[in-house]
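Just below is one structure, and these are the notes that go with it.
Naming: A, B, ... by sequence-line order, numbering from 1 per chain.
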Amino acid sequence: MFSVHGAGNLLVTGELVETVAFKLLQLAVTELPQDVKDALHKAYRQETNQVGKAQLKAILDNIELAEKTCSPMCQDTGIIIFYVKAGSQIQGLDQIESALRNAVEKATCEVPLRPNAVDPFTQQNSGNNLGRHVPYIHWEIVPGNSLEITVLPKGGGSENVSALAMLTPGQGVSGLKRFVLDTIIAAGAKPCPPTVIGVGVGGGADIAMNLAKANLLKPLGEPNPDPELAKLEQELLQAANSSGIGPMGLGGKTTVLDIKVDYAHRHPASYPVAVVVQCWAARRASAKIYSDGKVEYLTHKVV
Amino acid sequence: MAVYRLKTPVSEKQVRELKVNDTIYLTGTVVTARDYAHRRALEYHKAGKKLPLDLAGLAVFHCGPVAKKEGNVWKIVAAGPTTSARMDQYEDEFIKNFNVRIVIGKGGMGKKTADAMKKYGAVYAAFTGGAAVLAAKAVKQVKSVEWTDLGMPESMWVLEVNDFGPLTVAIDSQGNNLFENVQTKAESQKPAIYKKLGVN
């Protein structure tokens, strides 16, 4: 499965990465992380609108059934995105991409995942979730000797209501708040609320979007370490939930489970604000492979 | 908020009795159709070509399932609804030409569709988005799968379902639209929320 090379440096083999990535894909689509389950249970307890509460009940029943039967909780198993943090001392980095692609192909067949990679010009579905830039891999080189892999299967319904605004610096934070609220209300029932909202500010169009989406990897219910951003997140969350859109847009108290904000410094002329919307099935799974070949699953209990 | 147990084919009379907030459990034949299946069905109609099956009295389900072939038999693994708004551009013609009585999906549909439902006698019933395993549990059999060249999600899956639900009637044939009511109310809250956020 793995071998240790030289002075304790991890030599990643395609086989090990593929095995771990397959497990992550399976975990992600069949079982939500505990923080997401907790947030949905809390929403159910607090809901007073009967139609909204019935929707949350169906969601909770469905999650339980999916876990028990090891079936995908939602038929939209998403476009597959990986976030890879590779220790700079790792050897065999060049094997990771093909191993991740193999894992996706295998998971499509065996979990199974819905084939979701379509050529935008011929409209042909590749049938195996592989395509140009799919799965998408975000690379980060970090100091050390371990490899962390996160999978984010991103559903299409919620992605379709994600939005970018290139605001003027004059609009600033006030414009940001308005845009986030407007995006959530305009999305209404479409993204399968209660949603998780990732907000990225600054950088540029692409940077803001990347930050917004990476926010979806953070555990729900954990306040932002920056107290000012934590305050902003709470303010936006309360605002969104006073809209009354509610679970599945059929009315109720919980429209959004959590809002996460991140930022980059901006160009003096620009104030980009990106909003990424994630459905209630806030799926993610992470694992870390250590230099001794030990694998630690970070988001799920694996026995 | 009455509860109905319906069997396909559903008649116009039966469907006109349904009101928003009612609950339906459906038994019989449900046919999946997303964007491209809707488009193709309407192209077929225009060209005078017959559809693979008669949709009159049946339910159309906005869904792209995950299916697995066991031997020669398709098994539905996950089958939650997709966002119905994308089908708004086709649904009025679809209802008019094929006499479907129930449209199942999530997220609601617009005025054009609601008008067709009122005119021809059909309802829109919401199933909880993403509750795909619950939906799959109600599928007893895959009767056939048509137009497989469109890919697994976009194919037309002809499903035999038993007690599929709870489905919430969200658009009825009197022109009531539950999603629209919630949305209009949310829009009307905006000025108060802006004020609280200190947005100018």
- Query: Run the side chain to side chain contact (heavy atoms under 4.5 Å, CB included) check on Thr168(B) and Met248(A) step by step: do they pass?
  - Reply: CA-CA 11 Å; Thr168(B) 305; Met248(A) 288 301 146; over 6 Å; no

When only pairs under 4.5 Å are counted, which of [options] shares the most heavy-atom pairs with chain B?
options: Gly157(A), Pro115(A), Ala281(A); result: Pro115(A)
options: Gly251(A), Gly127(A), Ala239(A), Pro191(A); result: Ala239(A)
options: Gly244(A), Cys279(A), Pro112(A); result: Pro112(A)
options: Ile59(A), Val173(A), Leu250(A); result: Leu250(A)

Please report the closest heavy-atom contact between [X] and [Y], naming both atoms and the distance.
X: Val51(A); Y: Met1(B); value: CG2-CE, 4.2 Å
X: Leu197(B); Y: Glu235(A); value: O-OE2, 3.7 Å
X: Ala78(B); Y: Cys74(A); value: CB-C, 4.2 Å
X: Asn62(A); Y: Val133(B); value: OD1-N, 2.8 Å
X: Ile185(A); Y: Ala186(B); value: CD1-O, 3.9 Å
X: Ala132(B); Y: Pro72(A); value: CB-O, 4.5 Å

Counting only heavy atoms closer than 4.5 Å, note whether [X] contacts chain B via side chain, backbone, both or neither.
X: Thr69(A); value: side chain
X: Ile245(A); value: both
X: Glu110(A); value: backbone

Working to the nearest 0.5 Å, report the span between [atom1] of [X] and [atom2] of [Y].
X: Met152(B); Y: Arg114(A); atom1: CE; atom2: CZ; result: 9.5 Å
X: Leu134(B); Y: Glu64(A); atom1: CG; atom2: CD; result: 10.0 Å
X: Leu150(B); Y: Asn125(A); atom1: CG; atom2: CG; result: 10.0 Å
X: Asp35(B); Y: Gln123(A); atom1: CG; atom2: CD; result: 10.5 Å
X: Gln75(A); Y: Thr32(B); atom1: CD; atom2: OG1; result: 10.5 Å

With chain A as the partner, which of [options] has the greatest number of non-hydrogen pairs under 4.5 Å?
options: Cys63(B), Ala79(B), Gly151(B), Gly108(B); result: Ala79(B)
options: Lys196(B), Arg86(B), Lys106(B); result: Lys106(B)
options: Lys137(B), Glu187(B), Glu154(B); result: Glu187(B)
options: Gly80(B), Ala136(B), Gly107(B); result: Gly80(B)

- Check: Gly129(B) main-chain N/O paired with Trp280(A) side-chain donor or acceptor under 3.5 Å: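 Checking the backbone N and O of Gly129(B) against the side chain of Trp280(A), a donor-acceptor pair under 3.5 Å is found.
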
Atom [atom1] of residue position [X] - does it have more than 12 heavy atoms of other residues, nucleotides or ligands inside 6.0 Å?
X: Lys140(B); atom1: NZ; answer: yes
X: Lys112(B); atom1: NZ; answer: yes
X: Lys68(B); atom1: NZ; answer: yes
X: Lys57(A); atom1: NZ; answer: no
X: Tyr4(B); atom1: OH; answer: yes

- Given side chains that start at C-beta, do those of Thr83(B) and Asn160(A) come closer than 4.5 Å, heavy atoms only?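 Heavy-atom side-chain distance check fails, nothing below 4.5 Å.
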
- Message: If I measure from the heavy atoms of chain A, does Asn21(B) come under 4.5 Å with its side chain, its backbone, both, or neither?
- Response: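 Contact with chain A is through the side chain of Asn21(B) alone.
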
- Side chain, backbone, both or neither: which part of Leu178(B) has a non-hydrogen atom closer than 4.5 Å to chain A?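 Just its side chain gets close to chain A.
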
- In terms of side-chain heavy atoms, does Ser243(A) have a donor or acceptor partner in Gln189(B) at a distance below 3.5 Å? no

- Task: Just do the side chain to side chain contact (heavy atoms under 4.5 Å, CB included) check on Asp182(A) and Lys190(B) with the steps written out, would you?
- Result: CA-CA 8 Å; Asp182(A) 287 355; Lys190(B) 270 188 184 178; 3.5 Å; yes

